[in-house]
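Worksheet: one structure, shown below.
Order of the sequence lines sets the chain letters (A, B, ...), proteins ahead of strands, with each chain counted from 1. Keep in mind it's a predicted model, so treat the numbers as computed, not measured.
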Amino acid sequence: GESVGLHLPTLSVQEGDNSIINCAYSNSASDYFIWYKQESGKGPQFIIDIRSNMDKRQGQRVTVLLNKTVKHLSLQIAATQPGDSAVYFCADNTSGTYKYIFGTGTRLKVLA
Amino acid sequence: KAGVTQTPRYLIKTRGQQVTLSCSPISGHRSVSWYQQTPGQGLQFLFEYFSETQRNKGNFPGRFSGRQFSNSRSEMNVSTLELGDSALYLCASSLHNEQFFGPGTRLTVL
């Protein structure tokens, strides 16, 4: 889907390099966080999640870091591939609210 | 296991009309959420349903409504469409905390 507008931050990385995508959230009560990947014409795809009682979680080629002190979340992608080109969103949730707040998104471009 | 499905995928309406969008969650998922996605506003929460009850609602006018059926399928309705309602409408289902999205319905209001 056309998920982002002209003002979307863009990160360009060389194929094979590591990517770091950052996200700030505003609600100090947020206790669960998800990173999503959205490719053109598709809905957001779940990548990895982390709870507030953790500060790091690793998946396949991806790592999420959470810094609750400064309300900051990052997604690290190792050995970035052309298929990683997409828009990445973070989303946060507070238990009991049944809603997620999404960041504005970052467009990742992988250069061959 | 089949993913979240949404119908229709594309829709063109004119101002003043109304529209109903449908979402079938992943089997076993009882929570369904709806979001509006636009280039200018990003992903905005519309509402969330669980066991046919709306548990939370975003900051949208009353023209936006939804419901959930006993089989967890959900519909959202937009009445008196405005040009600004043109967007990608996304449905997500969850069992616990993880939310899984469908492909969306692209609504264009002319």
May I ask you to list the residues in residues 47-63 of chain B that approach chain A closer than 4.5 angstrom, counting heavy atoms only, ordered by number?
->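 Result: B:E48, B:R55, B:N56.
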Mind checking whether [X] and [Y] have side chains closer than 4.5 Å, heavy atoms only?
{"X": "A:Y32", "Y": "B:H96", "result": "no"}
{"X": "A:Q38", "Y": "B:L88", "result": "yes"}
{"X": "B:L43", "Y": "A:F89", "result": "yes"}
{"X": "B:N97", "Y": "A:F33", "result": "no"}

Cluster check [X], [Y]: I/L/V/M/F/W/Y, side chain < 4.5 angstrom:
{"X": "A:M54", "Y": "A:L66", "answer": "yes"}
{"X": "A:Y36", "Y": "A:I50", "answer": "no"}
{"X": "B:Y89", "Y": "B:V19", "answer": "yes"}
{"X": "B:V32", "Y": "A:Y98", "answer": "no"}
{"X": "A:Y100", "Y": "B:W34", "answer": "no"}

Whether over 12 other heavy atoms sit under 6.0 Å from B:R9 CZ =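 Yes.
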Portion of A:S95 that has a non-hydrogen atom of chain B nearer than 4.5 angstrom |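 Neither part; nothing is under 4.5 Å.
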Atom CZ of B:F45 and atom CG of A:N93: how far apart are they, to the nearest 0.5 Å?
->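 The CG atom of A:N93 is 9.5 Å from CZ of B:F45, to the nearest 0.5 Å.
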A:K42 and B:F101: CA distance, side-chain angles, deciding distance, side-chain contact (heavy atoms from CB on, under 4.5 Å) verdict | CA-CA 9 Å; A:K42 298 182 179 180; B:F101 282 85; over 6 Å; no
Verdict with reasoning, B:Q99 to A:D49, per side-chain contact (heavy atoms from CB on, under 4.5 Å) | CA-CA 10 Å; B:Q99 267 194 349; A:D49 61 354; over 6 Å; no
Ring centres under 6.0 angstrom apart (B:Y35, A:F102) =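 Yes, close enough.
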